[in-house]
Engineer: 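If you scroll down you'll find the structure; I have some questions about it.
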Amino acid sequence: MSLGLLLLLLLALGALGFLAGRQRALAAVRGDARDLHSLPGYYGQTVALFATVPALLLCLVWLVVQPAIVERSISALILPEDITAGSSLVLVMSDVRRIAEGMDALAVAGAASEGEIAALVGQPDALKERLAQTGVALAAPILPHIAEAAQVWRAQTALGGQIMAAAVLALAVAGFLLALWRIAPEFRARNVVERFVRVLLVAASSVAILTTIGIIFSLVFESWHFFQLYPARDFFLSLTWAPKFGGGSDLGLWPLLWGTLYVSFIALLVAVPIGLMAAIYLSEYASPAVRAVAKPAIEVLAGIPSIVYGLFALMTVGPFLRDWFAQPLGLGDSSSSVMTAGVVMGIMLIPYVSSLSDDIINAVPQSLRDGSYGLGATQSETIRQVVFPAALPGIVGAILMAASRAIGETMIVVLGAGAAAKLDLNPFEAMTTVTVKIVSQLTGDTEFASPETLVAFALGLTLFVFTLGLNILALYIVRKYREQYE
Amino acid sequence: MTQAPAKSLLVPDARTRARNASERRFRLMGMAAVAIGLVALVVLLVSVLGNGLSSFRQTYVTIPITLDAAVLDKSGNRNPDEMKKVTTLGYGKLMQTALIAALAEKGVDTGDLKPKEIMGMMSKEAPADLREAVLSDPSLVGQTITFPAFATSRIDGYFKGRVTMESAARDANINPEQLALADRMAAAGLIETRLNWGFLTRPDASELRPEAAGLGVAILGSAYMMIVVLVLSLPIGVAASIYLEELAPKNRWTDLIEINIANLAAVPSIVFGILALALFINIAGLPQSAPIVGGLVLTLMTLPTIIIATRASLKAVPPSIRDAALGVGASKMQTIFHHVLPLAMPGILTGTILGLARALGESAPLLLIGMVAFVRDYPSAPPEGLFDPASALPVQVYSWTQRADPAFVERASGAIIVLLVFLLAMNALAIILRRRFERRW
Amino acid sequence: MNDMRLTEKVVTETAKITARGVQVHYGTNHALKDVDVDILDKTVTAFIGPSGCGKSTFLRCLNRMNDTVASARVTGRIEMDGQDIYDPRVDPVQLRAKVGMVFQKPNPFPKSIYDNVAYGPKIHGLARGKAELDEIVETSLKKAALWNEVKDRLAAPGTGLSGGQQQRLCIARAVATSPEVLLMDEPCSALDPIATAQVEELIDELRAQFSVVIVTHSMQQAARVSQRTAFFHLGHLVEYGETGHIFTNPTDPRTEAYITGRIG
């Protein structure tokens with residue numbers, strides 16, 4: 001039974017449950033709804049909820065767990081001699097999966113009956129040819145034993161699917177009947193429904209926590225794999241980044257971290273003064289007409305996706321900086337550079353800094369400004385010597401948040417900073433960052449279980465810890481700042 | 001304390017003048033900062049528009065082609081399955097003959113160019129397009145049709161100013177004689193540059209055929225992901241907000257949730273990509289490049305935005321409304337679902353649209369779940385299509401920038417324009433919603 | 001009206017500030033209507049009246065604080081020592097150094113006690129060196145009767161003081177620029193009775209050096225600290241004269257109604 005049909009059946013059962021529950025409740029009081037504890041609709045809702053929600057949950061869990069179980073049982077079938085030199089269990093398993101999917105495709109397209117497919121298992125070359133026709137191209141010849149494993153895979157997956165459908169439907173019907181049986185005039189249907197809804201609401205709000213757990217789990221789990229294959233000491237202390245395909249790579253964090261911090265530093269050098277001065281001008285000086293135009297226009301910069309900034313760096317800013325600064329000054333002739341990425345990222349952060357500082361400057365009480373004006377201070381003296389110091393903690397928080405954004409930004413550096421990992425001071429030199437390497441290591445063709453790929457998770461973990469630290473610090477500072485003026 | 005001598009108020013003293021000058025400088029710095037921000041915006045938009053607008057136009061070679069039945073349909077049954085035996089190569093020969101004939105008929109001087117070189121001015125995609133057209137309408141066989149075929153990206157670039165005689169001399173893919181011929185063909189009306197809807201509808205094309213590349217699969221992929229994001233993040237986000245804003249007791253657990261939401265909003269997007277790769281693809285076994293995975297990861301990224309917007313609009317509903325409903329004996333849930341939620345709806349929808357706009361422009365996490373893969377086939381209709389490989393608009397931009405042919409950079413800018421138009425439309429919708437339905441209490 | 005002209009004649013020779021025909025609009029709201037007042041030197045003048053009567057508005061005209069409110073429009077003529085303070089050549093910054101102000105709520109800057117007091121002298125360049133600045137800070141704090149309480153913790157933040165101390169710090173801050181006129185906008189409304197008594201005592205001492213103008217809600221306070229009182233009602237100056245005279249023998253029925261508690 002296909003998943004879509006199963007879901008449709010569940011929905012139908014739910015709708016039926018609503019009508020049946022409502023009917024039964026009304027029948028119990030001979031149609032006089034006033035004798036019911038709750039409105040008739042609530043009785044219907046209890047049946048619909050009990051019929052669908054537990055069944056859907058079971059379905060979801062099954063879908064996640066079944067592939068893992070099948071995978072484990074198939075892995076047990078693979079013999080050591082199936083794993084040819086240069087290959088690994090992971091690669092063989094992915095072949096098994098692809099062969100099985102190819103067989104499914106053959107069956108679905110009607111190109112081969114189940115009997116033919118079973119016959120093909122004995123003839124690996126013919127099987128390979130048939131699979132190639134459906135678009136599943138395999139590099140190496142298929143070993144007979146692998147083809148058998150693929151058949152077992154299909155059988156187990158199909159069987160699992162059937163058991164799931166049966167179990168889900170059984171649970172749905174059971175919930176349906178239980179809820180219907182409970183209906184009586186004094187049954188507190190509304191309370192039951194509301195408790196049920198409350199549980200759903202709590203579950204929805206836990207998604208945020210589950211996401212964080214998922215992030216930490218996936219980062220730590222794969223980083224741990226990485227550190228099994230590559231010494232942590234070298235990762236954290238080595239000054240060289242030189243991944244090699246054949247192994248023996250140098251995977252030192254420092255060149256990447258240096259590039260990241262250098263680009264972020266230039267970005268902040270651009271964004272902080274401009275953003276801060278723009279916020280001050282717009283909140284303290286600008287006429288309402290100017291503010292009404294300039295403020296949203298600057299905020300448009302914040303709504304532009306980072307890929308657009310990346311393209312801007314690649315096409316416009318990079319060549320401009322190279323032709324007008326780097327080459328005349330003899331500082332290099334690369335159009336992707338720390339400077340390119342830093343300047344463009346700085347532009348992206350201007351609205352971020354300015355809107356955060358705007359909020360913070362506005363939180364400084366007017367009485368402080370009055371006090372300063374009353375002593376004969378000019379507006380700029382008031383801003384520099386009273387408003388700014390008073391807002392400083394908040395502004396520091398805002399800058400930390402901007403820094404965390406800069407460190408985590410990907411597309412601008414991918415397109416603007418370059419790919420060469422080096423420790424250099426020249427800002428017109430191409431350098432690379434943590435995020436660039438995460439992308440390149442995870443989109444490359446290297447085997448997943450190799451340190452060259454897994455290093456991306458260690459880099460991700462480093463990035464996550466860095467930005468999380470900055471954010472928590474920033475949130476703490478800003479919160480303290482707000483309390484001061486509340 | 002020294003008593004300053006009484007000074008006239010009407011004459012500013014030197015110190016006041018200096019202070020006022022510093023005041024003016026400060027104000028000027030502020031104006032300069034605002035101006036830099038605005039100039040950056042203008043330069044950004046102009047550079048993207050300037051580079052990208054031309055990608056909506058394409059150079060076509062329009063010639064009459066006789067679809068010879070003896071070549072295309074030997075059996076004469078007009079059965080597409082049988083006609084499939086004729087490969088693109090066969091159509092290419094047909095097209096080459098037609099092109100030479102058309103040049104001769106119009107009296108265009110072809111110089112020293114060999115037929116192969118003349119055919120080299122056409123896109124490699126052109127014969128495939130012709131084959132597609134014939135197979136979808138077999139009755140065309142035997143007729144002479146006027147077929148607009150793509151010229152190669154170099155000829156296209158020549159008419160758009162990207163390719164010059166000098167650059168052609170150094171280019172293995174084109175030579176100056178071909179460009180000169182293109183000029184003569186344009187004069188004879190055989191070549192023209194016009195609007196190309198294919199840019200929006202066609203799938204991506206390979207490295208050597210930038211002229212045929214389009215955004216069809218990417219737009220579809222992005223649309224599928226937005227559907228997933230909307231369907232998942234709106235109910236989950238609203239449910240979570242209702243719980244946190246209206247029902248949750250103040251305790252450690254809710255504090256933990258609050259901190260989580262604030263932090264998730266600031267986690268770098270690439271980290272979400274790692275999460276999706278590890279959890280959805282490696283552990284849950286969902287397919288790579290699939291809109292469902294992209295949609296799931298974008299949902300997780302959009303949730304904090306929607307929750308923050310929803311809570312703000314729930315908070316904006318005055319407590320008096322809740323008191324009134326509770327006062328007539330409604331339960332807490334009834335109060336929320338009958339009164340508070342409908343009143344907060346415009347704000348929630350506005351926040352959701354803005355969240356979707358953010359998600360639409362997001363590319364980094366999608367790179368990690370394989371959406372950079374070269375996809376030529378349109379995904380099928382949802383829900384099955386959600387599991388088919390597809391691309392996404394911002395990712396398509398990225399993958400085009402990674403290709404060697406400069407014609408792809410033009411197309412990347414064009415794709416950005418399409419992306420920005422979508423974003424503009426979504427933001428405009430949000431603003432209209434806010435203006436139209438927002439209630440001030 | 002006759003009475004007013006009479007009292008005026010007596011005092012013109014010592015008038016520090018003269019206001020004639022002052023009107024203030026906040027947007028469309030006509031907040032102050034045609035006010036004529038003479039503020040005497042080395043005298044405490046109290047402005048009394050019900051809320052929204054225009055007394056604070058008028059006070060803020062005297063050092064052009066209304067300039068910082070975008071919608072405010074001031075017309076009429078206000079002279080200090082014979083010079084029109086609304087003359088376009090006058091820099092409000094210079095004016096405010098001469099006409100100091102203390103606000104309703106204590107508003108010390110989030111800086112040290114020392115820096116709070118030193119702020120005015122620093123921006124106006126009143127001190128030639130660190131020693132001189134120290135001296136200004138000390139004398140100002142002494143004048144504000146705060147020196148003994150804070151001399152050991154000048155580096156502590158001004159926001160850490162008690163409410164009454166904060167307000168006296170604000171007075172010290174205003175005094176430090178050696179103003180000629182000190183404006184006080186309900187300076188005791190946020191203070192407890194003991195702190196209020198301290199500030200009132202202080203006001204009486206400050207009278208020796210400047211002209212003090214105080215806006216107050218409390219008629220008892222006006223009676224205690226001021227020599228002259230002006231009564232505002234609905235944007236009009238109703239009555240102005242010697243404090244004793246206003247409180248014991250008001251001319252206008254509205255004044256009488258207010259001081260006997262029938263309007264307010």
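Below, chain A is the first sequence line, B the second, and so on; all start at residue 1. The basis for the numbers below is simple: all heavy atoms, side chains too, and nothing from hydrogens, waters or symmetry mates. Please read all numbers here as calculations on a predicted model, not as lab measurements.
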Engineer: Between B/Glu246 and A/Leu201, is there a side-chain heavy-atom distance shorter than 4.5 Å?
Structural biologist: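 The answer is no; the side chains never approach within 4.5 Å.
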Engineer: For A/Val193, which atoms come within 4.5 Å of any heavy atom of chain B: side chain, backbone, both, or neither?
Structural biologist: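 Neither the backbone nor the side chain of A/Val193 comes within 4.5 Å of chain B.
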Engineer: Checking A/Phe217 against chain B: side chain, backbone, both or neither under 4.5 Å from a heavy atom?
Structural biologist: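 Only the side chain of A/Phe217 comes within 4.5 Å of chain B.
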Engineer: Determine whether more than 12 heavy atoms belonging to other residues, nucleotides or ligands lie under 6.0 Å from atom CZ of B/Phe374.
Structural biologist: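 Yes, because the 6.0 Å sphere around CZ of B/Phe374 holds more than 12 heavy atoms from other groups.
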Engineer: Side chains of A/Leu415 and B/Gln402, heavy atoms from C-beta outward: is any pair under 4.5 Å?
Structural biologist: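 Sidechains of B/Gln402 and A/Leu415: in contact.
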Engineer: Less than 4.5 Å apart, side chain to side chain, heavy atoms only: is that true for A/Phe464 and B/Leu275?
Structural biologist: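 A/Phe464 does not reach B/Leu275 side chain to side chain.
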Engineer: For A/Arg479, I'd like to know if atom CZ has over 12 heavy atoms of other residues, nucleotides or ligands within 6.0 Å.
Structural biologist: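 Count not over threshold, so no.
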Engineer: Please look at B/Leu264 and chain A and tell me whether the side chain, the backbone, both or neither of the residue comes under 4.5 angstrom of a heavy atom of that chain.
Structural biologist: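 Contact with chain A is through the side chain of B/Leu264 alone.
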Engineer: Less than 4.5 Å to any heavy atom of chain A: does that hold for the side chain of B/Leu41, its backbone, both, or neither?
Structural biologist: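 Looking at B/Leu41, backbone and side chain both touch chain A.
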Engineer: Do you know the tightest heavy-atom contact between B/Arg19 and A/Thr378?
Structural biologist: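 In this case the closest contact between B/Arg19 and A/Thr378 is NH2-N, 3.8 Å.
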Engineer: Has A/Tyr352 got more than 12 heavy atoms of other residues, nucleotides or ligands less than 6.0 Å from its OH?
Structural biologist: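 Yes.
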Engineer: State, to 0.1 Å, how close A/Ile347 and B/Ala40 come at their nearest heavy-atom pair, and which atoms those are.
Structural biologist: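 Where A/Ile347 meets B/Ala40 most closely, the heavy atoms are CG2-CB, 3.7 Å.
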Engineer: Heavy atoms, side chains only, cut-off 4.5 Å: are B/Asn263 and A/Leu468 in contact?
Structural biologist: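 Touching, per the 4.5 Å side-chain cut-off.
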Engineer: Relative to chain A, which segment of B/Leu420 carries a heavy atom at a distance below 4.5 Å: side chain, backbone, both, or neither?
Structural biologist: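 The side chain, not the backbone.
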Engineer: Could you tell me which portion of A/Phe320 (side chain, backbone, both or neither) has an atom closer than 4.5 angstrom to a non-hydrogen atom of chain B?
Structural biologist: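 A/Phe320 has no heavy atom closer than 4.5 Å to chain B.
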Engineer: For a quick test of reading the model, state the closest non-hydrogen atom pair linking A/Ala278 to B/Ala33 and the distance between them.
Structural biologist: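 A/Ala278 and B/Ala33 have their closest heavy atoms at N-CB, 3.6 Å.
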Engineer: Is the shortest heavy-atom distance from the side chain of A/Ile215 to the side chain of B/Leu279 under 4.5 Å?
Structural biologist: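 The answer is no, as the side chains (C-beta and beyond) never meet within the 4.5 Å cut-off.
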Engineer: Once you round to the nearest 0.5 Å, how far does CG of A/Asn191 lie from OG of B/Ser331?
Structural biologist: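 Reported value, rounded in 0.5 Å steps: 8.0 Å.
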Engineer: Please look at A/Arg190 and chain B and tell me whether the side chain, the backbone, both or neither of the residue comes under 4.5 angstrom of a heavy atom of that chain.
Structural biologist: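 Answer is side chain: those atoms of A/Arg190 sit under 4.5 Å from chain B.
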Engineer: Tell me, for B/Leu354 versus chain A, whether the close heavy atoms (under 4.5 Å) come from the side chain, the backbone, both or neither.
Structural biologist: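 For B/Leu354, there is no contact with chain A at all, as no heavy atom is under 4.5 Å.
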Engineer: Determine the option with the most heavy-atom pairs under 4.5 angstrom with chain A, choosing from B/Ala262, B/Gly37, B/Ser22.
Structural biologist: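 Top count of heavy-atom pairs under 4.5 Å with chain A: B/Ser22.
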Engineer: Which bit of B/Ser413 is near chain A, if near means a heavy-atom gap under 4.5 Å: side chain, backbone, both or neither?
Structural biologist: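 Answer is both: backbone and side chain atoms of B/Ser413 are under 4.5 Å from chain A.
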Engineer: What part of B/Ile307 is in contact with chain A, defined as an atom under 4.5 angstrom from a non-hydrogen atom: side chain, backbone, both or neither?
Structural biologist: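 It is neither, since no heavy atom gets under 4.5 Å.
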Engineer: Quick one: what part of A/Ile407 sits under 4.5 Å from any heavy atom of chain B, side chain, backbone, both or neither?
Structural biologist: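 Contact with chain B is absent: no heavy atom of A/Ile407 under 4.5 Å.
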Engineer: So for B/Ile416, is it side chain, backbone, both, or neither that comes closer than 4.5 Å to the heavy atoms of chain A?
Structural biologist: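 Interface part for B/Ile416: side chain.
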Engineer: With only heavy atoms counted, which part of A/Leu210 is less than 4.5 Å from chain B, the side chain, the backbone, both or neither?
Structural biologist: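 When you check distances to chain B, no heavy atom of A/Leu210 falls under 4.5 Å.
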Engineer: Given that the side chain runs from C-beta out, which part of B/Gln334 has a heavy atom under 4.5 Å from chain A: side chain, backbone, both or neither?
Structural biologist: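 Looking at B/Gln334, backbone and side chain both touch chain A.
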Engineer: Using heavy-atom distances under 4.5 Å, tell me whether B/Ile236 contacts chain A through its side chain, its backbone, both, or neither.
Structural biologist: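 B/Ile236 touches chain A through backbone and side-chain heavy atoms alike.
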Engineer: Heavy-atom distances under 4.5 Å only: say whether B/Asn20 touches chain A with side chain, backbone, both or neither.
Structural biologist: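 Contact with chain A: side chain only.
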Engineer: Between B/Leu247 and chain A, which part of the residue has a heavy atom less than 4.5 Å away: side chain, backbone, both or neither?
Structural biologist: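 Both backbone and side chain.
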Engineer: Going by heavy atoms in the side chains, are A/Glu381 and B/Glu23 under 4.5 Å from each other?
Structural biologist: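 When only atoms from C-beta onward are counted, B/Glu23 and A/Glu381 do not touch, as no gap falls below 4.5 Å.
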Engineer: Using heavy-atom distances under 4.5 Å, tell me whether B/Arg24 contacts chain A through its side chain, its backbone, both, or neither.
Structural biologist: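 Neither; nothing under 4.5 Å.
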Engineer: Would the number of heavy atoms belonging to other residues, nucleotides or ligands and lying under 6.0 Å from CZ of A/Arg188 be above 12?
Structural biologist: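 Atom CZ in A/Arg188 is not packed in, count stays at 12 or less.
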Engineer: Which atoms of B/Leu423 come close to chain A, meaning under 4.5 Å heavy atom to heavy atom: side chain ones, backbone ones, both, or neither?
Structural biologist: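 It is the side chain, since no backbone atom gets that close.
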Engineer: Which atom names give the shortest non-hydrogen contact between B/Leu38 and A/Ala297, and what distance separates them?
Structural biologist: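 Scanning both residues, the minimum pair turns out to be CD2-CB, 3.5 Å.
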Engineer: For B/Asp255, look at atom CG and say whether over 12 heavy atoms of other residues, nucleotides or ligands are found less than 6.0 Å away.
Structural biologist: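 Count over threshold, so yes.
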Engineer: Measure A/Ile438 against the heavy atoms of chain B and call it side chain, backbone, both or neither at under 4.5 Å.
Structural biologist: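 The answer is both parts of A/Ile438.
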Engineer: Given heavy-atom pairs under 4.5 angstrom as the criterion, report whether the side chain, backbone, both or neither of A/Ala456 touches chain B.
Structural biologist: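 It is the backbone, since no side chain atom gets that close.
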Engineer: Which heavy atom of B/Asn260 sits nearest a heavy atom of A/Ala208, and at what distance?
Structural biologist: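 Here B/Asn260 and A/Ala208 meet closest at OD1-O, 3.8 Å.
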Engineer: Let me know if A/Val207 has heavy atoms under 4.5 Å from chain B in its side chain, its backbone, both or neither.
Structural biologist: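 When you check distances to chain B, only side chain atoms of A/Val207 fall under 4.5 Å.
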Engineer: What are the residues of residues 359-366 of chain B, in order of number, with any heavy atom under 4.5 angstrom from a heavy atom of chain A?
Structural biologist: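 Result: B/Gly361, B/Ser363, B/Ala364.
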Engineer: So which part of A/Ala406 gets closer than 4.5 Å to some heavy atom of chain B, the side chain, the backbone, both or neither?
Structural biologist: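 Neither part.
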Engineer: Heavy-atom distance under 4.5 Å between the side chains of B/Phe26 and A/Met277, does that happen here?
Structural biologist: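 SC-SC contact between B/Phe26 and A/Met277 confirmed.
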Engineer: Please identify, among A/Gly408, A/Ala203, A/Ser380, the residue contributing the most non-hydrogen atom pairs under 4.5 Å to chain B.
Structural biologist: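 Answer, by heavy-atom pair count under 4.5 Å with chain B: A/Ser380.
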Engineer: Looking at every non-hydrogen atom in both residues, tell me the closest pair between A/Gly460 and B/Ile274 and how far apart they are.
Structural biologist: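 A/Gly460 and B/Ile274 have their closest heavy atoms at CA-CD1, 3.7 Å.
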Engineer: Are the side chains of A/Leu463 and B/Pro268 in touch, meaning some heavy atoms are under 4.5 Å apart?
Structural biologist: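 Yes - at least one pair of side-chain heavy atoms lies under 4.5 Å apart.
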Engineer: B/Val43 versus chain A, heavy atoms under 4.5 Å apart: side chain, backbone, both or neither?
Structural biologist: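 Contact with chain A involves both backbone and side-chain atoms of B/Val43.
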